[in-house]
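Below, read A as the first sequence line, B as the second, and so on, with proteins coming before strands; counting in each chain starts at 1.
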Amino acid sequence: MSKLINFEELEKKWIKLWRENGIFEADPNDKSKIFVTFPFPYMNGPLHLGHAFTALRVDVYARLKRMQGFNVLFPWAWHWTGATIAGQAKRIAEHDEHVIKVLVEIDGVNPREVEKFIDPIYMAKYYTNENKSVVDGLGFSVDWRREFHTTSHHKAFSKFIEWQYLKLREKGYIVKGTHPIVWCPRCKSPTGDHDRLEGVGVSPEKYILMKFKCGDLILPAATFRPETIYGVTNLWLNPNVDYLIVHVDGEKWVLSKPAAEKISNQLKKVEYIGELKGRELIGKKCIAPVVGREVIILPAFFVDPNNGTGVVYSVPAHAPYDWIALKDLLDHPELLSSYEISRDEIERIKPISLIEVEGFGEFPAIEIVEKLKVRDQNDPKVEEATQIIYKREFHKGVLKSIYGKYAGLKVFEAKDKIIEEFLSKGCADIMYDLTQKVICRCGTPCIVKVLKDQWFLKYSDKEWKQLAKSALKNMKIYPEDARKNFEEVIDWLQDKACTRATGLGTPLPWDEKWLVETLSDSTIYMAFYTISKYVNDGRISPEKLTPELLDYIFLGKGDSKSISKSHGLPLNLINEMRSEFDYWYPVDLRVSAKELLPNHLTFFIFHHVAIFPPEKWPKAIGVNGMLMIEGKPMSKSKGIFITLKNAIKMFGADVIRGTLLLSAEDLDDPDWRNKNAEDFRRNLKSIFNFMLELKKRAMSEKISELREIDRWLISQINKKIKTITKNAEQLKTRTAFHEAFYGIWNDVKWYLRRVEKVNGDLIADILNIWVKLLAPFIPFTAEELWEKLGNKPFVSTASWPNYDEKKIDLRSDFSEKLIKNLLEDILKIRKAIKINPSRIYLYVAPAWKYDVYIEVAKLVSQKASLKEIVRHVISKFHAKYSRRELIKLVQYSFEDIVNSPPVERKLKIESVSRELEIYESAKDFLERELKIKVSVYRADQPEIYDPKRKANSAMPFRPGIYIE
RNA sequence: GCGGGGGUUGCCGAGCCAGGUAAAAGGCGGCGGACUCAAGAUCCGCUGGCGUAGGCCUGCGUGGGUUCGAAUCCCACCCCCCGCACCA
């Protein structure tokens, strides 16, 4: 038996044939177009199963639309922009063992190649090459003539990005700004989460510095809660810490040494004047800002020079640290006396209540300290107490009358206003700091740096947001649930830095020391696909892609004749490019994983609405889950990672495609399990052989008439075409493929059980339809079957089956359902009675029971209650039939009708006269299945064989059954 | 903290928006049977519990509620996952 199929060979064969015939190369023509895109993958590593999952959904859609007769363009490109590739190259140059190990062991790069990766461009090219063959290997229906990569290493693409940025600037969407970031002083670059050894998730926090005056010195106390200044009772300094006196903005500030260093990175000029020990100021008095009170400076050891300014003010009513530190002083009189502070002075300090908060009394800090039994200021529980109070007061706290115009407001409502007021009065300042340690990958502790004159995309712009929203409104989002996410992100988005100092990319056209960053040069590049073909075939050279020409191509602005003249380009070329763009644009579908939703996909919308007119705005976005492997999130460092190259080697393309497609849809995370892939491989082989066997039968078994069961199969296949098409069009790829693969298979299997001889012509048709329905999902297997079924040239370009609503035959569906129910009942009984039956007798309900049934159905449709129906039926029929029988029948009928969907209710009423005939026609089948004789009677027929009086139990659509 | 998504029978995963067709699709696994010298593949049946007649009981995170009827609607609670920006 030739049961072996070799997927590897078969896949190679079809890739070659598809390419040779250029069936995925798409140029403008007079057909309707569909333009689909997948976000270009980043070339710092091999493509993996996660890429495959998302791209597969694009490919399925592309293949479906192509078969539906659309002119479909699915192009591909490669992302090189950013610091990651360069960073990786640098680490290889530094012989970073971990990086090299991952490259060799996980990514499968030959160690001799790795050495060459010290050149980032070499690395990017290497992966681009590798990955291209993988994209082909999976059968993605890509038009490669439009391929490109990003950055200044692709002159034409750079020209496009320059144009994009000039447009954005013209529209006023690019602004200069200042922003605090986590910074590595050694690498002299921002340190993002992925670049950290320690402190992942930590971001700059804004401290407010409240300026206390002490003679000519300013003591800037750092706080997150400047609104509590009204409750200040004293100032804290750490007596053991060295402080610096520095010139800042014309004032003399006292700061801890680290604080002075930090502030110097935050756009403040810091000049050294002198030094002093904390103890030197202890016991002195200073004037608190805002309230103008004189307060004493006291010693506290919780004050950390590395945190904030090393100066802290005290609000014992609302800050556990402050309250416990005061208590510590009272508990240690020796400390007080060493600073010559009288105990009296401390005892005179009374907490001032400022904020009313549910669940606490006057002084929340005191209460929580007592409740948690905090020992002293070194007890870790102080931190916990602080967190509890801070959160509670921030969200639920209400300001008391001491706040004047702010009184009655919630803390979170008033906070920003209060800060604004303090800053404008000059009694406060700002400093950024990290509340937890952050260590750069290079081992250096990070600080906060305020970068000035950075370029920002003004995502905060109200009008821009409005445009983005109106684009969203007209867009299809698959699944619809994800729309909420987009709305939320658009609202929430703030200005975003759009340039970088390091890495690969396109220089900003008007400020070339900056590179356009990676989430900006990936937003409207799909437009470039429409003309990259002309660059690749040499019909236009990159330097000719001036802003003027691009304005004409993409926006229709300017005059082609004069551009032709000034650029030395043929007029028809310019017009062809313009009309090619005009033909393909807008993007009809873009798909990505949900991780890109709050950034890339949203920016994709923003940039389109900024630059293009509404008719060129994207039509649809698909979002999917993130791939898991064996139930765990992918992670290269943990070795939870499968490259596509390996996966193809292990399973072949169609097995990967099928397994991925069946694993999830919508926002659910697909979970790749090798075992599932193996199971699917078995099924794929089975279905392949099944169809070929069936083809053989179809050729030898001919039947001239169309039997009921044949009509049933036609009905089923039409239903399947309908659901598969509908689901695939909405990117419900799992459901669609499941129906195409298992759904049809089960129908056909049932059909084969039901008949002794197949209707050959019908089966031949069904097989062709079935292969077409499988083609978008598992194209290689489908092509091979298509050929073996005697078709040519390609199923990939064959026309998608149309369903015929008229062929969806509810009547035969219903008959078949009755037969299935009957078989099920017989098997249930057989199981329960545990005997070996010799013969089966069936009794279809007598005519009068149908009369009652119809009567009940009528009353149900009038929304009568069961009670009413019983009463009505008894009054109508009791003369002829017993009350008990009637009640039983009404109860059965009522339940049966209520539990049927509306279409079926109608069918049932129409089928009352057919029931006997249906079972008669299935008699042979039942006998074959059960391997015993079956007799069918009508219960009211005279002289029937019915020893156990089972005919009495016959109900409409539920025959009496007697098993002997 | 803010925002989003979830918890379903051995596993994966439908159903939930529009309550009744539902012991709850489908796949996987397990068990039994057919085929075979045998194994594999394939096909059929079973796969919550009980039951010598198509039935009964229990059941969809937990606890309440609405309803003739709830996995589906309402309320409260518990738990899990994802994103939150200078990474791509």
Query raised in the report: Taking the six-membered ring for Trp, are Tyr459(A) and Phe603(A) ring centroids under 6.0 Å apart?
Result: yes

Requested in this report: May I ask you to say what Asp671(A) touches in the nucleic acid, namely base, sugar-phosphate or nothing, with a heavy-atom cut-off under 4.0 Å?
Outcome: nothing

Query raised in the report: Which nucleotide sits closest to the side chain of Ile833(A): A53(B), G83(B), C28(B)?
Result: A53(B)

Query raised in the report: Roughly how many Å is it from OH in Tyr742(A) to C1' in C28(B), rounded to a whole number?
Result: 8 Å

Query - Identified pairing partner of G29(B), criterion: Watson-Crick or G-U wobble below 3.5 Å - result: U47(B)

Query raised in the report: Mind checking the P distance from A41(B) to A23(B)? Whole angstroms is fine.
Result: 34 Å

Query raised in the report: If we take the P atom in both C50(B) and C43(B), what is their distance in whole Å?
Result: 30 Å

Requested in this report: Name the nucleic acid region contacted by Ala83(A), choosing base, sugar-phosphate or nothing; use a 4.0 angstrom heavy-atom cut-off, strictly under.
Outcome: sugar-phosphate

Query raised in the report: In whole Å, what separates the C1' atom of U9(B) from that of C82(B)?
Result: 27 Å

**Report entry** Short side-chain N/O contact to G13(B) OP1/OP2 from Arg673(A), under 4.0 Å
**Finding:** no

Query - Lys675(A) side-chain proximity, nearest of G83(B), G29(B), G51(B) - result: G29(B)

Report task. Can you check whether any acceptor in the base of A88(B) is under 3.5 Å from a donor in the side chain of Asn599(A), or vice versa? Result -> yes

Query raised in the report: Met43(A) CE to C87(B) P: how many Å, rounded?
Result: 20 Å

Query raised in the report: Can we call the ring centroids of Phe814(A) and Phe957(A) under 6.0 Å apart?
Result: yes

Report task. Name the residue closer to the 5' end of RNA chain B, choosing between Glu665(A) and Asn899(A) according to the nucleotide with the nearest heavy atom. Result -> Glu665(A)

Query - Polar contact flag, side-chain donor to acceptor under 3.5 angstrom, Tyr478(A)-Asn624(A) - result: no

Query raised in the report: With distance as the sole criterion, do the side chain of Arg500(A) and the base of C86(B) form a donor-acceptor contact below 3.5 Å?
Result: yes

Query - Output field: ring centroids Trp672(A)/Phe651(A) closer than 6.0 Å - result: yes

Query raised in the report: Relative to Phe604(A), does Arg590(A) satisfy both conditions: NZ or CZ under 6.0 angstrom from the six-membered ring centre, and within 45 degrees of the ring's axis?
Result: yes

Query raised in the report: Using atom C1' of each nucleotide, how far apart are U8(B) and G48(B) to the nearest Å?
Result: 14 Å

Query raised in the report: Taking the side chain of Asn746(A) as its heavy atoms from C-beta onward, which of G55(B), G26(B), C86(B) lies nearest to it?
Result: G26(B)

Query - Closest listed nucleotide, where the reference is the side chain of Pro190(A) and the choices are C87(B), C28(B), G54(B) - result: C87(B)

Scan nucleotides 2-6 of chain B against the protein and return all N/O pairs shorter than 3.5 Å with their distances rounded to 0.1 Å.
residue : atom : partner   : partner atom : Å
G4(B)   : O2'  : Asn485(A) : OD1          : 3.2
G4(B)   : O2'  : Asn485(A) : ND2          : 3.3
G5(B)   : OP1  : Lys484(A) : NZ           : 2.8

Requested in this report: With P as the reference atom in both, quote the distance from G61(B) to G7(B) in angstrom, rounded to an integer.
Outcome: 8 Å

Query raised in the report: Atom CZ of Arg441(A) to atom C1' of C87(B): distance rounded to whole Å?
Result: 10 Å

Requested in this report: Determine the Euclidean distance between corresponding C1' atoms of A85(B) and C79(B); express it in Å to zero decimal places.
Outcome: 29 Å

Requested in this report: Strictly below 4.0 Å, heavy-atom distances to any atom of RNA chain B: list the hits from residues 951-964 of chain A, or just say none.
Outcome: Ser953(A), Arg958(A), Pro959(A), Gly960(A), Ile961(A), Tyr962(A), Ile963(A)

Query raised in the report: Who is the Watson-Crick or G-U wobble partner of C2(B), with both distances under 3.5 Å?
Result: G83(B)

Query raised in the report: What is the distance from atom CZ of Arg681(A) to atom CZ of Phe7(A), rounded to the nearest 0.5 Å?
Result: 8.0 Å

Query - Gap in Å between the two P atoms, one belonging to U21(B) and one to G69(B), rounded - result: 15 Å

Report task. Could you check how far NE2 of His738(A) sits from P of C12(B), rounded to whole Å? Result -> 16 Å

Requested in this report: Counting Watson-Crick and G-U wobble pairs only, both distances under 3.5 Å, name the nucleotide matched with A38(B), or none.
Outcome: none

**Report entry** Nearest to side-chain heavy atoms of Lys828(A), which nucleotide of G54(B), A88(B), A85(B)
**Finding:** G54(B)

For residues 743-751 of chain A, run the donor-acceptor check on the side chains, cut-off 3.5 Å, and write out each pair with its distance to 0.1 Å, sequence neighbours left out.
residue   : atom : partner   : partner atom : Å
Asn746(A) : ND2  : Tyr742(A) : O            : 3.4
Asp747(A) : OD2  : Lys720(A) : NZ           : 3.3
Trp750(A) : NE1  : Glu816(A) : OE2          : 2.9
Tyr751(A) : OH   : Arg707(A) : NH2          : 3.2
Tyr751(A) : OH   : Asp710(A) : OD1          : 2.5
Tyr751(A) : OH   : Asn759(A) : N            : 3.1

**Report entry** Contact nearer the 5' end of RNA chain B, comparing Cys498(A) with Lys732(A)
**Finding:** Lys732(A)

Query raised in the report: Can a side chain N or O of Thr84(A) be found less than 4.0 Å away from OP1 or OP2 on C87(B)?
Result: no

Requested in this report: Go ahead and name the base partner of G54(B); Watson-Crick or wobble counts if both distances stay under 3.5 Å, otherwise write none.
Outcome: none

Report summary line: Looking only at C86(B), U21(B), G29(B), the nucleotide nearest the Lys817(A) side chain is U21(B)

Query raised in the report: Of all the choices, G20(B), A88(B), A53(B), which nucleotide is nearest to the side chain of Lys950(A) once you look at every atom?
Result: A53(B)

**Report entry** Ring centroid separation Phe456(A) to His179(A) under 6.0 Å
**Finding:** yes

Query raised in the report: Taking atom C1' of C84(B) as reference, at what distance in whole Å does atom CG of Leu601(A) sit?
Result: 16 Å

Query - Nucleotide nearest Arg734(A) when distance is taken to its side chain, options A25(B), U21(B), G45(B) - result: A25(B)

Requested in this report: Please report, rounded to the nearest Å, how far the C1' atom of G45(B) is from the CD1 atom of Ile829(A).
Outcome: 16 Å

Query raised in the report: Going by modelled atom types, is there a donor-acceptor pair between the base of G54(B) and the side chain of Asp825(A) at under 3.5 Å?
Result: yes

Report task. Let me know which of Trp80(A), Phe40(A), Tyr127(A) forms a ring pair (Phe, Tyr, Trp, His ring centres under 6.0 Å) with His149(A). Result -> Trp80(A)

Query raised in the report: Would one find a side-chain N or O of Arg928(A) under 4.0 angstrom from OP1 or OP2 of C43(B)?
Result: no

Report task. Looking at every strand, decide which applies to Glu739(A) at a 4.0 Å heavy-atom threshold: base, sugar-phosphate, or nothing. Result -> nothing

Requested in this report: Rounded off to whole Å, could you give me the NZ-to-P distance for the Lys749(A) and U42(B) pair?
Outcome: 9 Å

**Report entry** Candidates C44(B), G29(B), G27(B) - which lies nearest the side chain of Arg753(A)
**Finding:** C44(B)

Query raised in the report: Do Lys950(A) and Tyr962(A) meet the cation-pi criteria used here (NZ or CZ under 6.0 Å from the six-membered ring centre, within 45° of the axis)?
Result: no

**Report entry** Distance in angstrom units between Ile85(A) CD1 and C87(B) C1', rounded
**Finding:** 13 Å

Query raised in the report: Taking the six-membered ring where the residue is Trp, are the ring centres of Phe741(A) and Phe777(A) under 6.0 Å apart?
Result: no

Requested in this report: Give a yes/no on whether any side-chain N or O of Asn683(A) is located under 4.0 angstrom from OP1 or OP2 of C28(B).
Outcome: yes

Query - Pairwise P distance for C56(B) and G40(B), with rounding to whole Å - result: 40 Å

Report task. Would you tell me if any nitrogen or oxygen in the side chain of Arg830(A) comes within less than 4.0 Å of OP1 or OP2 on C46(B)? Result -> no

